2 protein chains.
Amino acid sequence: MLKLSKKADYGLMALQHIASNQYGDVAQARVVNTKEIAEEYHIPVELLAKVLQTLSKSGIIESHNGPKGGYLLGKNPREITIAHVLESLEGPLGIMDCSHEKDGDACMQREHCNIRTPLLKIQSSIYQLLNNMTLQDMMGGTPLITIQSVATEQQGVER
Amino acid sequence: MLKLSKKADYGLMALQHIASNQYGDVAQARVVNTKEIAEEYHIPVELLAKVLQTLSKSGIIESHNGPKGGYLLGKNPREITIAHVLESLEGPLGIMDCSHEKDGDACMQREHCNIRTPLLKIQSSIYQLLNNMTLQDMMGGTPLITIQSVATEQQGVER
DNA sequence: ATGGTCTCCGATCAAAACAGTCGTATAAAA
DNA sequence: TTTTATACGACTGTTTTGATCGGAGACCAT
């Protein structure tokens with residue numbers, strides 16, 4: 001349950017790879033292309049291309065056309081949240097159909113629905129979790145976000 | 001993204017309904033059948049039946065056959081976690097394919113995978129969230145679990 | 001005791017979402 | 001101008017999901 005799509009998997013892998021080449025040991029920023037990533041992680045080139053195009057449209061990465069072209073991060077890894085990446089590739093977070101619908105929608109159960117409120121609470125918690133973890137946190141041996149830090153974040157404490 | 005299946009939605013609604021009739025205002029425990037729930041929330045009878053059967057197998061509810069039959073909760077609402085309900089209906093929680101696989105599995109990216117560890121961390125956090133919220137929390141006006149309480153829970157504090 | 005009714009139960013079918021593929025167009029560097 | 005890269009759209013096969021059907025078993029009234 002709650003499985004991420006392949007697009008999301010591939011997207012995150014690619015971002016981690018791009019970030020490593022741009023901010024990693026090698027001081028020089030290096031443009032990396034689709035084919036290189038696809039071969040490194042054994043994923044279909046065309047599908048990865050589509051994923052990268054989507055990320056590019058969202059401003060998460062920027063594309064450079066032509067020979068020696070490829071992709072670079074569009075922002076600092078600290079500013080790229082997992083939530084933004086996933087929403088870009090899979091659409092807005094919504095654990096149920098009526099998460100983002102307006103009043104008078106097509107949900108037959110709406111008026112008698114007894115689980116909407118608590119589920120929205122869960123959804124909000126998951127979103128906070130994903131929104132407080134960045135690409136930076138996924139790189140290197142950097143310690144990941146903990147539940148505690150999510151809690152403090154909710155209280156308005158800066159990271 | 002991360003949308004729950006209809007089965008999960010229906011299951012949670014039904015459980016809330018059963019619990020309300022068993023532990024609600026009416027002191028007398030009342031057996032409620034599939035048809036009644038289906039009509040109340042406008043969901044297909046047969047599909048709901050299947051969902052309830054699954055929940056019954058998991059011991060979350062218990063079935064009573066024959067006329068005047070139906071379902072009752074198998075445990076106290078405090079002991080029925082959302083995680084257990086969802087896993088019963090949708091299979092084990094796994095935000096990626098390789099969440100529960102053994103070594104030497106079919107994941108082509110496994111050896112070069114750079115996102116497995118952080119994603120497992122996220123998965124673990126989500127699981128804690130779902131495992132610390134019970135059917136009791138979903139009933140009535142009872143305050144729901146908060147992020148803070150999840151954090152304290154992780155530190156071993158009793159609810 | 002037995003028939004009838006009501007329920008749970010297992011197998012089956014159709015629709016939708018997803019992963020992956022193909023071909024072509026466009027843009028930049030050599 | 002040729003090469004090499006991304007950008008874009010349409011298409012196909014597969015998996016998952018949602019929904020449906022017919023049957024088997026249990027209870028209650030007669």
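Reckoned from all heavy atoms, side chains included, excluding hydrogens, waters and symmetry mates. Here is how names work: the chains are called A, B, and so on, in the same order as the sequence lines, proteins then strands, and each is numbered from 1. Quick caveat, the model's predicted, so the values are computed rather than measured.
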Checklist entry - What distance do Ile122(A) atom CD1 and Asp137(B) atom CG have between them, rounded to the nearest 0.5 Å? => result 9.5 Å
Next on the checklist: Check this for me, if you would: do Glu36(B) and Arg30(B) make a salt bridge, where the nitrogen-to-carboxylate-oxygen distance has to be below 4.0 angstrom?
Outcome noted: yes
Checklist entry - Within this structure, what is the NE2-to-C1' distance between His42(A) and dG20(C), rounded to whole angstrom? => result 17 Å
Item to check | Strand contacts (DNA chain D) in residues 50-62 of chain B, 4.0 angstrom heavy-atom criterion | outcome: Lys50(B)
Checklist entry - Any side-chain N or O of Tyr71(B) under 4.0 Å from OP1/OP2 of dC8(C)? => result yes
Checklist entry - Could you state the CD1-C1' distance from Ile43(A) to dC18(C), rounded to the nearest angstrom? => result 16 Å
Checklist entry - Atom NZ of Lys7(B) to atom C1' of dA16(C): distance rounded to whole Å? => result 15 Å
Next on the checklist: dT7(C), OP1 or OP2 - any side-chain N/O from Asn33(B) closer than 4.0 Å?
Outcome noted: yes
Next on the checklist: With a 4.0 Å limit, can you tell me whether Tyr10(B) has a side-chain N or O closer than that to the phosphate oxygens OP1/OP2 of dA19(D)?
Outcome noted: yes
Item to check | Pair Lys6(A) + Asp97(B): basic N to acidic O under 4.0 Å | outcome: yes
Checklist entry - Can you hop from Leu72(B) to Ile80(B) via hydrophobic side chains spaced under 4.5 Å? => result no
Checklist entry - Please walk me through it: do Asn76(B) and Tyr23(B) pass side chain to side chain donor-acceptor pair (under 3.5 Å)? => result CA-CA 9 Å; Asn76(B) 189 287; Tyr23(B) 292 91; 4.6 Å; no
Checklist outcome for this item: Rounded to whole Å, CD of Glu46(A) lies from P of dG9(D) at a distance of 17 Å
Checklist entry - Of Pro67(A) and Ser63(A), whose nearest nucleotide on DNA chain D comes first from the 5' end? => result Pro67(A)
Checklist entry - What is the distance from atom CE of Met138(B) to atom CD of Gln16(B), rounded to the nearest 0.5 Å? => result 6.5 Å
Checklist entry - Can you get from Leu73(B) to Val31(B) by hopping between Ile, Leu, Val, Met, Phe, Trp and Tyr side chains that sit under 4.5 Å apart? => result no
Next on the checklist: Between P on dA17(C) and CE on Met1(B), what's the gap in Å once rounded to a whole number?
Outcome noted: 18 Å
Checklist entry - Can you tell me how far P of dT17(D) sits from CD of Glu90(B), to the nearest Å? => result 7 Å
Checklist entry - Which whole-number value in Å describes the distance from Asn65(B) CG to dC8(C) C1'? => result 5 Å
Checklist entry - With nearest nucleotides of DNA chain D determined for Val45(B) and Lys3(A) from heavy-atom distances, which residue corresponds to the more 5′ nucleotide? => result Lys3(A)
Checklist outcome for this item: Comparing Leu47(A) with Gly66(A), nearest DNA chain C nucleotide closer to 5' gives the residue Leu47(A)
Item to check | Interatomic distance, Lys6(B) NZ vs dA19(D) C1' [rounded to whole Å] | outcome: 12 Å
